[in-house]
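By convention in this document, chain letters (A, B, ...) are assigned in the order of the sequence lines, proteins followed by strands, and residues within each chain are numbered from 1.
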Amino acid sequence: MSCYLHPPNTSLFRRNVADDTRSEDLRREFGRYGPIVDVYVPLDFYTRRPRGFAYVQFEDVRDAEDALHNLDRKWICGRQIEIQFAQGDRKTPNQMKAKEGRNVYSSSRYDDYDRYRHSRSRSYERRSRSRSFDYNYRRSYSPRNSRPAGRPRCSRSHSDNDRPNCSWNTQYSSAYYTSRKI
DNA sequence: GTTGGTCACA
């Protein structure tokens, strides 16, 4: 009762990661606390885009705990990341297939995916453009609320975690450019 | 606002 039960798995589940976060970065960042066994960033099976979380498996649970306590609730790129112990074992393809309950790799599979992706892409572009326009319009029209929010940017904290990998508004810039070009 | 690589054929 006076001792905390340690999870049987050494896999850490880190969520709220950036979209352009790569497994290499995660391994490098987590590798400072201990040897990394494997790092994986699950992607959407349909859109092939990062879902926003990643898994980091340590070789020892002690290192995992250390990393969890050191990187958990840390602000990176103006976003607070959260690290937890991965629950359950690695999802096996069989489970994912059973979850979907659908014949994978069929003849009309690519067709369906392509259609889904296309539809989503169009919607995303439209939304992004509308948002960018609205944002710029409001920002210029409302001198009172010129600042969206007081989000802490990539400021070097008391730690040596300086990661100027802030390409967050890069896509926004691209969308804005496209809308302007039209 | 809460969690993972989907197969086949030879």
Tabulate atom names and distances for all N/O pairs under 3.5 angstrom spanning the protein and nucleotides 2-4 of chain B.
from, atom 1, to, atom 2, distance (Å)
B/dT3, O4', A/Y55, OH, 3.4
B/dT3, O2, A/Y55, OH, 2.9
B/dT3, O4, A/Q84, OE1, 3.2
B/dG4, OP2, A/K91, NZ, 2.1
B/dG4, N7, A/Y55, OH, 3.1
B/dG4, N2, A/R90, NE, 2.9

Item to complete: Could you tell me whether a side-chain N or O of A/D66 sits under 3.5 Å from a main-chain N or O of A/Y33, the two making a donor and an acceptor?
Response: no
Discussion item. As an exercise, state the distance from CD of A/E29 to NZ of A/K74, rounded to the nearest 0.5 Å.
Written reply: 8.0 Å
Worksheet item: When you look at CD of A/Q87, are more than 12 heavy atoms from neighbouring residues, nucleotides or ligands closer to it than 6.0 Å?
Response: no
Worksheet item: Got a sec: does the CG of A/D38 have more than 12 other heavy atoms crowding it under 6.0 Å?
Response: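 Count over threshold, so yes.
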Item to complete: Kindly give the cluster partners of A/V37, where membership spreads through any ILVMFWY side chain lying under 4.5 Å from a current member.
Response: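 Listed partners: none, A/V37 stands alone.
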Worksheet item: Side-chain donor-acceptor pair under 3.5 Å between A/Q57 and A/R90, yes or no?
Response: yes
Worksheet entry | Pair A/Q84, A/E82: side-chain N/O donor-acceptor within cut-off below 3.5 Å |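 Yes - a donor-acceptor pair under 3.5 Å links their side chains.
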Distances for protein N/O vs nucleotides 8-10 of chain B N/O pairs under 3.5 angstrom?
none

